[in-house]
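Bear in mind that the values here come from a model prediction, so they are computed numbers and not experimental data.
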Amino acid sequence: MRLKKLFPYLLFLLLAPLYSPAQAEPSAFTSGSYQQILTSNANQPFMLVIWSINCSSCLKDMELLSNIHKSRPELNMIMLAADELSATEQIQTILEKHQLSDIENWVYADENTQKMQFEIDPKWYGELPRTYFFDNTHQRTGVSGVLSKQEYDEMFTKILKPE
């Protein structure tokens, strides 16, 4: 009798690793979303990568970002696509291709992109790619343009330093 009750749980444990759910769609980035990201990452370092499907430099950088994601599991990487919600399918395709769909992903959901940019950083004019590195106290450094592996590593050394 006891084995009959345990069988469904055992079956679940055996089959669960084989189940591969569809990746979640990127979250809608609206007014207040930036603060939500900061709050959900309180007291921990993270990297916010802002990119676009229409930015060739951003797309070239995806492979390096994928390698960083795989080699630095201790670093929380968040991706924000500066595109319209209507581009969600294309965004997901790019993220899946580069094995970045399993991390936190966002897409602009407000037509006023300047408002979104200003909320993130009043000194940022919208150039892409744009990467923000936050230490555990949320002191941030914003960098525009493509970074080399060495430049990423230097930034990680700064934000991941032990207390």
Side-chain angles (χ1 to χ4, degrees), residues 16-17 19-53 55 57-85 87-110 113 115-124 126-163:
Y19 178 68
S20 175
Q23 300 298 334
E25 287 188 6
S27 300
F29 191 88
T30 59
S31 183
S33 295
Y34 178 69
Q35 190 59 48
Q36 181 183 342
I37 290 170
L38 293 176
T39 301
S40 67
N41 289 282
N43 301 318
Q44 61 183 346
F46 71 97
M47 178 173 76
L48 174 64
V49 179
I50 306 173
W51 66 286
S52 172
I53 60 173
C55 167
S57 296
C58 300
L59 298 176
K60 289 177 187 173
D61 204 29
M62 287 291 176
E63 186 173 339
L64 179 55
L65 291 170
S66 177
N67 291 335
I68 290 169
H69 172 57
K70 292 175 196 168
S71 66
R72 290 192 170 268
E74 75 280 11
L75 178 66
N76 188 17
M77 183 186 303
I78 300 168
M79 305 286 287
L80 169 58
D83 299 294
E84 295 179 2
L85 275 175
T88 299
E89 188 175 322
Q90 192 173 357
I91 292 165
Q92 281 188 280
T93 299
I94 292 167
L95 293 170
E96 287 171 11
K97 176 183 176 188
H98 295 285
Q99 299 173 332
L100 293 167
S101 58
D102 63 332
I103 63 175
E104 187 175 343
N105 281 286
W106 295 79
V107 60
Y108 278 2
D110 190 316
T113 58
K115 178 182 172 187
M116 297 291 92
Q117 293 165 1
F118 187 83
E119 191 172 318
I120 294 168
D121 183 350
K123 296 179 183 175
W124 174 45
E127 63 279 2
L128 296 173
R130 179 79 170 170
T131 307
Y132 290 95
F133 300 89
F134 294 82
D135 68 12
N136 62 347
T137 64
H138 287 183
Q139 295 298 310
R140 73 175 183 192
T141 302
V143 181
S144 292
V146 175
L147 300 173
S148 68
K149 182 178 181 331
Q150 180 181 347
E151 290 169 316
Y152 276 113
D153 287 339
E154 289 169 4
M155 292 305 299
F156 298 150
T157 299
K158 289 178 184 177
I159 67 169
L160 297 173
K161 63 183 176 229
E163 293 183 46

**Request:** Apply side chain to side chain contact (heavy atoms under 4.5 Å, CB included) to L100 and L65, showing your working.
**Result:** CA-CA 8 Å; L100 293 167; L65 291 170; 4.3 Å; yes
When you measure from the side chain of [X] to the backbone N and O of [Y], does any donor-acceptor pair fall under 3.5 Å?
X    : Y    : result
E151 : S148 : yes
N76  : L48  : no
S66  : H98  : yes

[X] versus [Y]: any side-chain heavy-atom pair under 4.5 Å?
X    : Y    : value
L80  : V49  : no
D153 : R72  : yes
M47  : I78  : no
W106 : E104 : yes
I50  : Q117 : no
N105 : S27  : no
Q99  : K70  : yes
V146 : P129 : yes

**Residues which pass ring-ring contact (aromatic ring centres under 6.0 Å, His included) with Y132, listed by chain and number, not counting sequence neighbours** = none
**Item:** Under the ring-ring contact (aromatic ring centres under 6.0 Å, His included) test, residues paired with Y34 that sit two or more places apart
**Value:**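 For Y34, no residue satisfies ring-ring contact (aromatic ring centres under 6.0 Å, His included) once neighbours in sequence are set aside.
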To the nearest 0.5 Å, tell me how far [X] [atom1] sits from [Y] [atom2].
X    : Y    : atom1 : atom2 : answer
T141 : F133 : OG1   : CZ    : 8.0 Å
M77  : H69  : CE    : NE2   : 7.0 Å
K161 : D135 : NZ    : CG    : 5.5 Å
F134 : F46  : CZ    : CZ    : 4.0 Å
E84  : I91  : CD    : CD1   : 9.5 Å
E63  : I68  : CD    : CD1   : 11.5 Å

**Message:** Under a 4.0 Å threshold between the charged nitrogen and the carboxylate oxygen, would D121 count as salt-bridged to R130?
**Reply:** yes
**Item:** F156 and L75: CA distance, side-chain angles, deciding distance, side chain to side chain contact (heavy atoms under 4.5 Å, CB included) verdict
**Value:** CA-CA 8 Å; F156 298 150; L75 178 66; 3.2 Å; yes
**Asked** Do other residues, nucleotides or ligands put more than 12 heavy atoms under 6.0 Å from the CD atom of E154?
**Response** yes
**Prompt:** If you draw a 6.0 Å radius around CD in E74, do more than 12 non-hydrogen atoms from other residues or ligands fall strictly inside?
**Reply:**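 Buried by this count: over 12 neighbours within 6.0 Å.
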So, [X] and [Y]: side-chain donor and acceptor under 3.5 Å apart, yes or no?
X    : Y    : result
Y152 : D61  : yes
S144 : E127 : yes
E119 : S31  : yes
S52  : D83  : yes
N41  : H138 : no

**Request:** Kindly indicate, with the supporting measurements, whether the criterion side chain to side chain contact (heavy atoms under 4.5 Å, CB included) is fulfilled by D110 and F29.
**Result:** CA-CA 7 Å; D110 190 316; F29 191 88; over 6 Å; no
**Request:** Mind listing the closest non-hydrogen atom pair of I53 and L59 along with its distance?
**Result:** O-CD1, 3.5 Å
**Prompt:** Going through the checks in order, is the side chain to side chain contact (heavy atoms under 4.5 Å, CB included) test met by K149 and L64?
**Reply:** CA-CA 7 Å; K149 182 178 181 331; L64 179 55; 4.0 Å; yes
